Amino acid sequence: MFSKPNLQYFLSYLGLFPFFLIIIDKYFFFQISEEISSNFLIYYTLMISVFIGSINWKYDNKINKTDIFYGFIPSLFFIIMMTLNLYNFNQSYIQLGIILFINIQLLFDYILIFAKKNNKSYFYFLRLPLTFMVSILLIIIKFLYP
């Protein structure tokens, strides 16, 4: 029989909706300006990255210092990219940096967190496909846009 739907998976995949909305607007409606969509994508993707970093923290009394540092890196990256964007650094470079970062974050999540676990379904059915889709959608929006 079918298993009970997982709300976490549903909400996580629902997070792709803004990317599709921007693609639809860029190709059909032309209502969202390039500046607004580009800034939104930068901040939205960085927010996702920080959220992923923060869920790796365990709220135990004895947390490993490496885990604390590793969970903080996405926040630091967010601040750097946000500052570069506010100072009008080339948004194409910022978005390429974000794509690279979220994929490196995925690799390190696997190495540091999921490689030790027996049940990797969360990684294979949620983390890996979502990171791949976000990367592809960012490339489509920024670099395959007419």
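Predicted model only: the values in this text are computed from it and were never measured.
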Once you round to the nearest 0.5 Å, how far does [atom1] of [X] lie from [atom2] of [Y]?
X: L128; Y: N103; atom1: CG; atom2: CG; value: 9.5 Å
X: T131; Y: Q105; atom1: OG1; atom2: CD; value: 7.0 Å
X: I102; Y: F77; atom1: CD1; atom2: CZ; value: 9.0 Å
X: I111; Y: L106; atom1: CD1; atom2: CG; value: 9.5 Å
X: L112; Y: L107; atom1: CG; atom2: CG; value: 9.0 Å
X: S49; Y: I104; atom1: OG; atom2: CD1; value: 11.0 Å

List the atom of [X], the atom of [Y], and the distance in Å for their closest heavy-atom pair.
X: F89; Y: Y93; result: CE2-CB, 3.8 Å
X: P74; Y: V50; result: O-CG2, 3.5 Å
X: F20; Y: L137; result: CE2-CD2, 3.7 Å

Could I get the full list of side chain to side chain donor-acceptor pair (under 3.5 Å) partners for N90, not counting sequence neighbours?
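With sequence neighbours excluded, N90 shows a side chain to side chain donor-acceptor pair (under 3.5 Å) to no residue whatsoever.
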Partner set under side chain to side chain donor-acceptor pair (under 3.5 Å) for S121, not counting sequence neighbours:
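Checked S121 against side chain to side chain donor-acceptor pair (under 3.5 Å); matches are N119.
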Contact check, side chains of [X] and [Y], non-hydrogen atoms, under 4.5 Å:
X: L96; Y: F101; result: no
X: I98; Y: I94; result: yes
X: R127; Y: S12; result: no

Are [X] and [Y] grouped together when hydrophobic residues (ILVMFWY) are joined by side-chain heavy atoms under 4.5 angstrom apart?
X: L130; Y: L100; answer: yes
X: L21; Y: F10; answer: no
X: L7; Y: L14; answer: yes
X: I136; Y: L126; answer: yes

Counting only heavy atoms not in Y9, do more than 12 sit closer than 6.0 Å to its OH atom?
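Yes.
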How about Y13: does its OH atom have over 12 heavy atoms from other parts shown lying under 6.0 Å from it?
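Atom OH in Y13 is crowded, with more than 12 foreign heavy atoms closer than 6.0 Å.
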Mind checking what makes side-chain contact (heavy atoms from CB on, under 4.5 Å) contact with [X], not counting sequence neighbours?
X: Y110; answer: F114, A115, K120, F123, Y124
X: S37; answer: I22, K26, I32, E34
X: Y44; answer: P18, F19, F40, M47, I48
X: I24; answer: F28, F29

List the atom pairs, donor and acceptor, that lie under 3.5 Å between side-chain atoms in residues 81-88 and the rest of the protein, sequence neighbours left out.
unit_1: T83; atom_1: OG1; unit_2: I79; atom_2: O; d: 2.7
unit_1: N85; atom_1: OD1; unit_2: Q91; atom_2: NE2; d: 2.8
unit_1: N85; atom_1: ND2; unit_2: N39; atom_2: OD1; d: 2.8
unit_1: N85; atom_1: ND2; unit_2: Y43; atom_2: OH; d: 3.0

Determine whether F78 and I42 satisfy the following criterion, side-chain contact (heavy atoms from CB on, under 4.5 Å), listing intermediate values before the conclusion.
CA-CA 9 Å; F78 181 104; I42 288 170; over 6 Å; no
